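For reference, the structure is listed below as structure tokens.
Source: prediction; values computed, not measured. Just so you know, these numbers use all the heavy atoms, side chains as well, and skip hydrogens, waters and symmetry mates. By convention in this document, chain letters (A, B, ...) are assigned in the order of the sequence lines, proteins followed by strands, and residues within each chain are numbered from 1.
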Amino acid sequence: MIADLKTHLLDLLRRALAGVAPGQQLAITLERPKQASHGDFATNLALQLAKPLRMNPREVAQRLVSELPPSPWVAKAEVAGAGFINLFLNNAARLQPLGAVLERGEHYGRSRLGAGKKIQVEFVSANPTGPLHVGHGRGAAYGASLSCVLAFAGFDVHREYYVNDAGRQMDILALSTWLRYLELHEVAVPFPPNAYQGAYVTEMAHQIRVAHGPRYLHEAEVVLAGVPGLEPDKEAHLDGLITNAKELLGDDFAYIHAHVLSEQLADCRDDLSEFGVHFEHWFSERSLYDTGLVERTVAQLEKHGHIYTQDGAKWFRSTSFGDEKDRVVQRENGLYTYFASDIAYHLNKFERGFDRVIDIWGADHHGYIPRVKGAIQALGLDTAKLEVALVQFAVLYRSGQKTSMSTRSGEFVTLRELRHEVGNDAARFFYVLRKSDQHLDFDLDLAKSQSNENPVYYIQYAHARLCSVLAQWNGEEDDLLAAELSVLTGERELALCARLAEFPEVIEGAARDYAPHTVAFYLKDLAADFHSYYNAERILVEDPDLRLARLALALAVRQVIQTGLRLLGVSAPHSM
RNA sequence: GCGCUUGUAGCUCAGUGGAUAGAGUAUUGGCCUCCGAAGCCAAGGGUCGCUGGUUCGAUUCCAGCCAAGCGCGCCA
């Protein structure tokens with residue numbers, strides 16, 4: 001409808017252009033002016049033409065206006081400012097979007113932009129070594145909202161969580177749990193400061209003790225045998241302990257490893273699920289090793305001459321692809337690096353036939369992009385299909401003080417804690433209310449103590465008000481779909497219609513730019529327009545025609561708020 | 001040092017090659033016998049970091065500088 005209207009206006013301008021400057025090929029831009037006095041649409045066409053035609057822009061504008069063919073929708077066209085052409089629509093045209101919302105209902109705003117293309121969105125992918133913290137929450141909220149927007153814009157979206165279940169961090173978690181277990185049995189092994197400190201580790205140790213008693217007990221001397229001291233290299237100390245644990249426990253270490261992994265993954269899954277964040281796939285890093293894909297990937301790179309050996313390690317020549325230095329894929333000790341499995345993972349993604357793959361990473365991974373893209377190119381794949389969206393870290397403030405968010409130190413505010421304090425709706429909305437590449441100062445005190453000031457309530461309140469009015473009318477909502485809308489002539493009403501008309505454009509923009517925050521800002525604007533209208537005019541008036549038309553407008557606004565909030569994972573309560 | 005990101009109202013943040021740069025919050029003053037005051041209306045508050053360049057026009061694009069965050073491992 002409104003797309004047709006825009007097409008119609010563009011067509012009018014194109015014909016005027018042909019009359020004034022035959023042969024001029026210009027991309028005509030049509031924008032919605034910020035000020036109502038500048039019309040419903042404006043174009044800078046005359047300003048663009050002024051130079052090639054060597055004419056005064058206002059004069060060009062004047063000639064374009066006089067060449068503009070008559071239209072059933074355009075009330076007037078006028079020249080303004082430096083040479084803008086402002087187009088004013090008649091009321092029938094301005095009411096069109098309202099009719100479109102009523103007709104399409106929950107599908108209003110849906111787009112064919114994605115054309116059913118398969119697109120994978122991988123996000124969160126936090127190591128399952130402890131509870132998710134508020135930093136992960138941002139990636140979760142962003143990824144989930146973006147995925148919904150993309151799906152609404154016509155993409156076939158696949159959400160995926162990459163589970164880092166193969167690396168050293170998981171070994172450290174298993175070790176940490178075992179050490180806590182020994183501690184519970186009063187075995188005197190000092191708990192290393194760089195092991196996982198969180199209380200959940202002790203809880204898991206406790207569970208293991210309850211389930212298996214003393215089965216995993218060993219004397220302190222054997223546990224510490226041959227382990228280098230904490231100084232000078234505390235990581236070497238940790239590695240020594242891991243080596244001993246694996247030897248002493250054998251298959252039992254694998255059991256503890258598997259146990260802590262499944263515990264943490266289950267916790268993570270529950271946490272995200274309660275946050276309204278769901279994944280189609282949980283992809284195991286370890287499976288890349290089990291299926292031999294990591295090995296095959298490196299071999300393939302080697303075959304094509306992108307690998308060389310130096311100092312006993314295998315290096316990928318990523319400098320050939322614009323990286324600042326070459327990167328190790330297989331260490332001197334034979335173990336593959338995280339990078340190696342990540343190349344294999346991306347190869348696997350491409351082999352699954354996605355038209356586009358989006359990785360959502362924390363901004364601290366930005367230096368990682370050139371090497372991954374380089375590897376993809378080296379494998380003969382199309383790097384343009386991979387897009388990386390960086391999400392800046394949330395910097396957490398408590399009582400005006402910056403708070404640490406390290407998982408290993410155990411000093412962090414968990415996502416679960418945050419959700420319980422401020423609620424899922426406020427948390428989801430708060431996270432997505434800034435563009436993703438903007439640093440986020442997350443003021444805990446503000447979020448927790450003043451949650452009523454969170455703008456999400458402003459929008460939800462508008463929704464509840466609309467529900468309330470419609471309930472008091474107590475009629476059949478289906479009857480509103482056929483209401484005669486032409487009695488709506490007030491500026492506020494027509495402004496609301498214009499706002500409704502923007503929604504499909506906002507969705508397409510958000511999908512194109514990976515910017516779900518624009519949906520949040522749009523909803524704030526829509527709610528503001530409605531609150532303003534609601535205070536100025538009465539909806540349930542005596543005149544039955546006007547009442548029905550206003551109720552139809554209310555229904556449409558409620559629908560778009562509902563749709564928008566759903567995309568952001570925020571509830572639309574009927575009362576609050 | 002190099003790279004990426006950021007710099008807009010007291011604070012937190014949107015936005016744009018175009019007309020008078022916006023919102024929330026904070027401050028001040030109004031609006032409920034009337035559909036929900038978690039709301040509305042109004043006022044004050046700005047060198048869009050600085051300097052150049054491109055352009056009819058730059059807060060927006062480009063370069064340099066200043067400042068902040070992050071990254072620069074045979075960690076993941």
Side-chain angles (χ1 to χ4, degrees), chain A residues 29 31 33-35 37-38 42-44 46-48 50-51 56-57 80-84 86 125-127 129 164 166-170 172 235 285 310-315 323-325 327-342 362-370 390 392-393 395 397 407 430 433-443 446 450-462 464-473 515 517-518 520-522 524-525 527-528 530-541 547 550-551 554 575-576:
Chain A
T29 58
E31 61 173 19
K34 280 166 269 183
Q35 282 184 68
S37 63
H38 292 154
T43 181
N44 61 352
L47 289 155
Q48 291 178 284
K51 195 170 190 188
N56 178 306
F84 294 96
N86 293 336
S125 302
N127 284 345
T129 52
N164 298 128
R168 175 170 175 264
Q169 294 303 322
M170 278 308 301
I172 297 175
E235 296 300 324
E285 179 189 6
Q310 185 182 308
D311 304 330
K314 282 187 182 176
W315 297 71
D323 197 7
E324 47 193 36
K325 55 172 289 192
R327 309 290 174 174
V328 171
V329 288
Q330 192 175 17
R331 292 193 279 261
E332 196 180 358
N333 62 13
L335 292 176
Y336 289 103
T337 59
Y338 174 83
F339 178 45
S341 55
D342 218 16
D364 55 336
H365 283 66
H366 65 76
Y368 197 68
I369 298 172
L390 294 178
Q392 288 288 340
F393 260 20
V395 182
Y397 288 86
T407 307
F430 198 100
L433 198 57
R434 7 189 81 57
K435 61 183 176 202
S436 55
D437 53 8
Q438 181 70 243
H439 296 197
L440 170 58
D441 286 339
F442 207 120
D443 187 331
L446 184 76
Q450 303 186 22
S451 60
N452 280 354
E453 287 170 15
N454 193 307
V456 72
Y457 295 100
Y458 183 76
I459 298 163
Q460 289 182 321
Y461 184 58
R465 265 183 157 176
L466 285 156
C467 289
S468 174
V469 174
L470 285 159
Q472 282 174 58
W473 166 58
H517 75 278
T518 56
F521 279 94
Y522 168 79
K524 273 173 70 174
D525 289 340
F530 168 70
H531 282 308
S532 178
Y533 172 60
Y534 183 88
N535 271 270
E537 303 285 351
R538 213 179 147 72
I539 292 173
L540 297 172
V541 289
R547 186 171 63 222
R550 286 184 171 176
L551 282 162
S575 65
M576 45 194 296

Worksheet item: If you find the nucleotide of RNA chain B closest to A:Pro33 and the one closest to A:Trp315, which residue's nucleotide is nearer the 5' end?
Response: A:Pro33
Worksheet item: Expressed in angstrom and rounded to an integer, what is the separation of A:Tyr336 atom OH from B:C74 atom P?
Response: 17 Å
Worksheet item: What interatomic distance, in whole Å, is found between C1' of B:G30 and the corresponding atom of B:G44?
Response: 15 Å
Worksheet entry | Selection from B:G36, B:G3, B:G18 that lies nearest to any side-chain heavy atom of A:Ala464 | B:G36
Discussion item. When the P atoms of B:U59 and B:A9 are compared, how many Å lie between them, rounded to an integer?
Written reply: 16 Å
Worksheet item: Which of the following nucleotides, B:C13, B:G15, B:C74, is nearest to the side chain of A:Ala313?
Response: B:C74
Worksheet item: Taking OP1 and OP2 of B:A23, is either one under 4.0 Å from a side-chain nitrogen or oxygen of A:Arg434?
Response: no
Worksheet item: The side chain of A:Arg168 lies closest to which of these nucleotides: B:C75, B:C74, B:C56?
Response: B:C75
Discussion item. Within the 4.0 Å heavy-atom criterion, would you say A:Glu537 contacts the bases, only the backbone, or no part of the nucleic acid?
Written reply: base
Worksheet item: Of the nucleotides B:A14, B:A38, B:C74, which one has an atom closest to the side chain of A:His517?
Response: B:A14
Response to the item:
Considering only heavy side-chain atoms of A:Thr337, the closest of B:G36, B:A76, B:C35 is B:A76
Worksheet item: What does B:G52 pair with, Watson-Crick or G-U, if both distances are under 3.5 Å?
Response: B:C62
Worksheet item: Between A:Lys51 and B:C56, is there a side-chain N or O to OP1/OP2 distance below 4.0 Å?
Response: yes
Discussion item. Is there aromatic stacking of A:His366 on B:G71 here, judged by a ring-centre distance under 5.5 Å and a plane angle under 30°?
Written reply: no
Worksheet entry | A:Phe521 over B:A14, stacked by centroid distance under 5.5 Å, angle under 30° | no
Fill in: Nucleotide nearest A:Tyr461 (side chain, heavy atoms from C-beta), chosen from B:G36, B:U12, B:C74
B:G36
Discussion item. With hydrogens left out and only the distance checked, is there a donor-acceptor pair under 3.5 Å joining A:Asp364's side chain and the base of B:A76?
Written reply: no
Response to the item:
Closest of B:A23, B:A19, B:C40 to the A:His38 side chain is B:A19
Discussion item. Classify A:Asp323 by what it touches in the nucleic acid, base, sugar-phosphate, or nothing, heavy-atom distance under 4.0 Å.
Written reply: nothing
Worksheet item: Hey, does the side chain of A:Tyr458 come within less than 4.0 Å of B:C40's phosphate (OP1/OP2), counting only N and O?
Response: yes
Worksheet item: Are OP1 or OP2 of B:A37 and a side-chain N or O of A:Arg465 less than 4.0 angstrom apart?
Response: yes
Fill in: Centroid under 5.5 Å and tilt under 30°, A:Tyr534 to B:C35
yes
Worksheet item: Which part of the nucleic acid, if any, lies within reach of A:Met170 when heavy atoms closer than 4.0 Å are counted: base, sugar-phosphate only, or nothing?
Response: nothing
Worksheet item: Which value, in whole Å, describes the distance between the P atoms of nucleotides B:U28 and B:C35?
Response: 29 Å
Item to complete: Indicate whether OP1 or OP2 belonging to B:C41 is found under 4.0 Å from a side-chain N or O atom of A:Ser532.
Response: yes
Worksheet item: Counting any heavy atom closer than 4.0 Å, what does A:Ala42 reach on the DNA or RNA strands: base, sugar-phosphate only, or nothing?
Response: base
Worksheet item: Taking the side chain as C-beta and beyond, is there a heavy-atom pair between A:Arg331 and A:Thr337 under 4.5 Å?
Response: yes
Worksheet item: B:C35 phosphate, OP1 or OP2: any side-chain N/O from A:Arg547 under 4.0 angstrom?
Response: no
Worksheet item: More 5' along RNA chain B: A:Asn44 or A:Tyr338, using each one's nearest nucleotide?
Response: A:Asn44
Item to complete: Nearest whole angstrom, please: distance from the P of B:G39 to the CG of A:Leu466.
Response: 15 Å
Practice prompt. Look at all strands and tell whether A:Gln472 reaches a base, only sugar-phosphate, or nothing, counting heavy atoms closer than 4.0 Å.
Written response: sugar-phosphate
Fill in: Atom-to-atom span, CZ of A:Arg538 to C1' of B:C34 - whole angstrom
6 Å
Item to complete: Round to a whole Å and report the spacing from CD of A:Glu31 to P of B:U16.
Response: 11 Å
Worksheet item: Under 4.0 Å: is that the gap between some side-chain N or O of A:Tyr457 and OP1 or OP2 of B:A38?
Response: no
Worksheet entry | Phosphate contact (B:C4 OP1 or OP2) by A:Gln392 side-chain N/O below 4.0 Å | no
Fill in: Interatomic distance where NE2 belongs to A:His531 and C1' belongs to B:C31 [whole Å]
16 Å
Practice prompt. Specify the separation, in whole Å, of atom CZ of A:Arg327 and atom P of B:C75.
Written response: 13 Å
Worksheet item: Partner of B:C32 by Watson-Crick or G-U wobble geometry, both contacts under 3.5 Å, or none?
Response: none
Practice prompt. Using whole Å, report how far CD of A:Gln48 lies from P of B:C56.
Written response: 13 Å
Worksheet entry | Student check: side-chain heavy atoms of A:Arg550 and A:Tyr533 closer than 4.5 Å | yes
Worksheet item: Reckon A:Asp311 touches a base, only the sugar-phosphate, or nothing at all at heavy-atom distances under 4.0 Å?
Response: base
Fill in: Complement of B:U27, any strand, by Watson-Crick or G-U distances under 3.5 angstrom
B:A43
Worksheet entry | Length of the NZ-P vector between A:Lys325 and B:C72, whole Å | 10 Å
